[in-house]
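Data block below; observations after.
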Amino acid sequence: MSNPTKPINVVVTGAAGQIAYSLLYQLAAGTVFGPDQPINLHLLDIPVMMKVLEGVVMELEDLALPLLREIVPTADPAVAFKDVAAAFLVGAMPRKEGMERKDLLAANVEIFKVQGEALDKYARKDVKILVVGNPANTNALICSHYAPSIPKQNFSAMTRLDQNRAQAALAARLNVQVDQVKKVVIWGNHSSTQYPDAAHATVTLQGSTKSVPAALNQDNWLQTTFVETIQKRGAAVIAARKMSSAMSAAKAAGDHMRDWWMGTKPGEYVSMAVFSDGSYGIPENIVFSFPVTIEPRGQYKIVQGLPISEFARSKLTVTANELEEERTEAYKVLQKK
Ligand code: NAD
Ligand code: LMR
């Protein structure tokens with residue numbers, strides 16, 4: 001356990017970009033690592049973005065927040081990853097309208113090789129790594145491959161935005177506040193094959209808690225419109241904004257790391273893309289989104305024993321297959337370089 005008065009080093013890559021712009025405030029304000037944990041922010045971007053990054057640094061200074069100690073803007077991974085306890089790997093090209101996230105593999109996978117090597121050399125061995133840059137699951141796999149001295153369990157990719165989207169969509173359908181819906185699960189890839197699963201979700205209505213499928217009594221909607229809406233939500237935001245989601249992605253990144261750092265609430269679970277250990281029959285050596293619970297300052301544990309219907313099984317197979325294909329493609333790209 002770290003000494004709460006000693007600052008921890010936290011790196012954010014893509015620090016001059018859109019998501020970082022919303023994420024950095026949360027980190028500096030203490031909503032992720034807690035109100036007693038000072039932090040040094042290491043901000044990595046590419047050389048042409050250093051001028052923009054200077055402006056971000058000025059704004060961080062002007063926040064006048066006491067938990068924020070040193071700010072280290074840099075284009076050098078050796079400096080950025082030095083002794084970091086937490087890493088937000090955001091820096092990567094975002095997709096444009098008409099692209100699938102896996103179309104970014106060729107452009108982005110090399111970044112995660114380089115950053116994996118830098119994590120291996122310079123980061124703390126207990127560093128918690130969250131990959132946000134797309135295709136996030138496969139980038140996390142590649143990053144870990146090039147950081148063999150860091151345990152695989154320390155790598156994760158973000159499906160929390162999908163979880164938040166699913167929770168919000170269910171709450172709207174049930175006409176309740178979003179925090180009354182719990183235990184919705186995102187399985188698989190952060191892509192259009194993900195399976196948002198409300199079968200185990202609960203809702204609290206007028207003080208009594210029941211299962212979401214029972215409360216809705218509409219399995220058809222849960223298996224069709226709900227699933228498709230969440231799978232395509234990222235594309236819908238791009239179509240409207242002409243840029244990919246940023247505010248909601250930053251919030252989800254903060255949620256993911258806060259729960260990993262501080263632990264999940266008793267009786268609840270959250271979705272994180274982590275190395276498959278074969279749970280639920282998912283092949284190993286892919287980074288797959290599972291429901292997890294986390295002890296404060298502890299490791300995540302994949303929730304075991306959730307019943308998987310035939311419908312759910314078919315969805316899990318599709319998304320696992322896609323991750324295996326992405327893995328093959330990523331190693332092909334890296335071999336060509
Ligand atoms: P952006 O283009 O606004 O910012 C990306 C930043 O990364 C830029 O400043 C760029 O210069 C920097 N960068 C590029 N290569 C880098 C490198 N090698 N090292 C350090 N920095 C580098 O993009 P954004 O909107 O912030 O999105 C970032 C990534 O996050 C994209 O890949 C996007 O698709 C992804 N994303 C993921 C989720 C998710 O739920 N997992 C959600 C939203 C966006
Ligand atoms: C999202 O889900 O909003 C992001 O992954 C961006 C995208 O490409 O969809």
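Note that the structure is a prediction, hence the values are computed from the model and not measured. Every number for a ligand or one of its atoms is a count from 1 in the order of the listing. Below, each value reflects all heavy atoms present in this structure, side chains not excepted, and no hydrogens, waters or symmetry copies.
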Can you tell if the side chain of W261 reaches within under 4.5 Å of the side chain of I8, non-hydrogen atoms only?
yes
Check ligand 1 against V90 and write out every atom of the ligand that is under 4.0 Å from a heavy-atom position of the residue.
28 (C), 29 (C), 30 (O)
Of the protein's non-hydrogen atoms, which lies at the shortest distance from atom 16 (C) of ligand 1, and what is that distance?
I46 CG2, 3.5 Å
Please say whether S245 places an N or O atom under 3.5 Å from an N or O atom belonging to ligand 1.
no
Could you pull out, from P94, G17, S248, the option with a heavy atom nearest to atom 2 (O) of ligand 1?
P94
Within a distance under 4.0 Å of any heavy atom of G14, pick out the atoms of ligand 1 and give their elements.
6 (C), 7 (O), 12 (C), 20 (C), 21 (N)
Report yes if some heavy atom in the side chain of R95 is under 4.5 Å from a heavy atom in the side chain of S244; otherwise report no.
no
Could you walk me through whether T264 and D259 pass the side chain to side chain donor-acceptor pair (under 3.5 Å) check?
CA-CA 5 Å; T264 44; D259 287 347; over 6 Å; no
Compute the minimum heavy-atom distance from R101 to ligand 1 and say whether it is under 4.0 Å.
no
Are any of the N or O atoms of H190 closer than 3.5 Å to those of ligand 2?
yes
Verify the distance criterion only: is there a donor paired with an acceptor across the side chains of T159 and Q194 at less than 3.5 Å?
no
Of the backbone atoms (N, CA, C, O) and the side-chain heavy atoms from C-beta on, which set of R101 has a member under 4.0 Å from an atom of ligand 2: side chain, backbone, both, or neither?
side chain
Per atom 24 (P) of ligand 1, closest listed option by heavy atom (L43, N139, V52, I19)
I19
Just checking R233: does its CZ atom have more than 12 heavy atoms from other residues, nucleotides or ligands closer to it than 6.0 angstrom?
no
Need the ligand 2 atom indices (1-based, order shown) with element for anything under 4.0 Å from a heavy-atom of S245.
1 (C), 3 (O)
Do Y331 and H145 make the cut of ring centroids closer than 6.0 angstrom?
yes
For ligand 2, is there an N or O atom under 3.5 Å from any N or O atom of D162?
no
The protein heavy atom nearest to atom 6 (C) of ligand 2 is S244 CB, 3.7 Å
For L161, atoms of ligand 1 separated by under 4.0 Å from a heavy atom
40 (O), 42 (C)
Minimum heavy-atom separation for A253 to L23, with atom names?
CB-CD1, 4.2 Å
Can A16 be said to touch ligand 1, with heavy atoms closer than 4.0 Å?
yes
Tell me whether N108 contacts the main-chain N or O of M93 through its side chain, where contact means a donor paired with an acceptor under 3.5 Å.
yes
Got an N/O contact under 3.5 Å between N134 and ligand 1?
yes
Counting only N and O atoms by type, is there a donor-acceptor contact under 3.5 Å from the side chain of S309 to the main-chain atoms of A312?
yes
Answer yes or no: is there a donor N or O on one side and an acceptor on the other, between the side chain of Q163 and the main chain of S271, under 3.5 Å?
yes
What is the closest protein heavy atom to atom 7 (C) of ligand 2, and at what distance does it sit?
R95 NE, 3.1 Å
Test item: L141 and R327 side chains (from C-beta on) under 4.5 Å apart, heavy atoms:
yes
Identify the protein heavy atom lying closest to atom 25 (O) of ligand 1, giving its residue, its atom name and the separation to 0.1 Å.
Q18 NE2, 3.1 Å
Near M49, which atoms of ligand 1 are under 4.0 Å from a heavy atom of that residue?
9 (O), 11 (O)
Is the number of heavy atoms from other residues, nucleotides or ligands within 6.0 Å of CG (N175) greater than 12?
no
Should one rank A136, A250, A249, A20 by closest heavy-atom distance to atom 42 (C) of ligand 1, which comes out on top?
A249
Work out which heavy atom in S276 is nearest to a heavy atom in F288; give both atom names and the distance.
CB-CB, 4.5 Å
Is the number of heavy atoms from other residues, nucleotides or ligands within 6.0 Å of OH (Y21) greater than 12?
no
Give the numbers and elements of all ligand 1 atoms closer than 4.0 Å to a heavy atom of H190.
38 (C), 39 (C), 40 (O), 41 (N)
Note: ligand 1 atoms sitting under 4.0 Å from heavy atoms of M93 are 31 (C), 32 (O)
Ignoring angles and geometry beyond distance, decide whether V132 reaches within less than 3.5 Å of ligand 1 through its nitrogen or oxygen atoms.
yes
Which residue supplies the protein heavy atom nearest to atom 9 (O) of ligand 1, what is that atom called, and how far is it?
D45 OD2, 2.7 Å
As an exercise, identify every atom of ligand 1 less than 4.0 angstrom from a heavy atom of A92.
5 (C), 7 (O), 28 (C), 29 (C), 31 (C), 32 (O)
Within the supplied structure, the quantity of interest is the number of heavy atoms (other residues, nucleotides, ligands) at a distance under 6.0 Å from K232 NZ; does it exceed 12?
no
Within ligand 2, which atoms have a heavy atom of R165 less than 4.0 Å away?
1 (C), 2 (O), 3 (O)
